[in-house]
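Atom set for the values below is all heavy atoms of this structure, side chains included, hydrogens, waters and symmetry mates excluded.
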Amino acid sequence: MPGLHLYKSNRLENLATALIEVTTQPLSHPLTPETIVVQSLGMGRWLAQSLAQSSGVALNVRFPFPAAFADSLFPNPTPTADSPSSTSLL
């Protein structure tokens, strides 16, 4: 099902169950990666393991952080100090 889906819960297990249900439907093109925005690297790894346990394999899944995902949607050719992914140190 294409588009942006937002699921909220205070239990990661509930979110993993919803993710497994959503990813059972294949995307329109087999080489299109599934994109799942996560808050931490550990959460992405845990979700990848949950997907692999439920279906036997988890391939072609991206787990970007929110700022990187926003930058991929709205590319900014000239980064500014107030851009979400600005990494300048003061």
- Message: What I'd like to find out is whether the side chain of Leu51 reaches to under 4.5 Å of the side chain of Ile36, using heavy atoms alone.
- Response: yes
Students should find that the hydrophobic cluster of Leu31, defined by side-chain heavy atoms under 4.5 Å apart, otherwise consists of none
Using a 4.5 Å side-chain heavy-atom cut-off and chaining through intermediate ILVMFWY residues, the residues clustered with Val57 come out as Leu59
Pro30 meets the side-chain contact (heavy atoms from CB on, under 4.5 Å) criterion, sequence neighbours left out, with none
Please set out all donor-acceptor pairs under 3.5 angstrom arising from side-chain atoms of residues 10-24, sequence neighbours excluded.
unit_1 : atom_1 : unit_2 : atom_2 : d
Arg11  : NH2    : Glu13  : OE1    : 3.3
Thr17  : OG1    : Glu13  : O      : 3.0
Thr23  : OG1    : Leu19  : O      : 2.9
Thr23  : OG1    : Ile20  : O      : 3.3
Thr24  : OG1    : Glu21  : O      : 2.7

Those residues at least two apart in sequence (or on a different chain) that pass side-chain contact (heavy atoms from CB on, under 4.5 Å) with Ser55 are none
Q) Considering only heavy atoms from C-beta outward, does the side chain of Pro33 approach that of Val61 to under 4.5 Å? A) no
side-chain contact (heavy atoms from CB on, under 4.5 Å) between Leu27 and Glu34, intermediate numbers included:
CA-CA 8 Å; Leu27 297 175; Glu34 189 77 56; 3.7 Å; yes
Distance-only criterion, 3.5 Å: show the donor-acceptor pairs between side-chain atoms of residues 37-50 and protein atoms not counting sequence neighbours.
unit_1 : atom_1 : unit_2 : atom_2 : d
Ser40  : OG     : Met43  : N      : 3.1
Ser50  : OG     : Trp46  : O      : 3.1

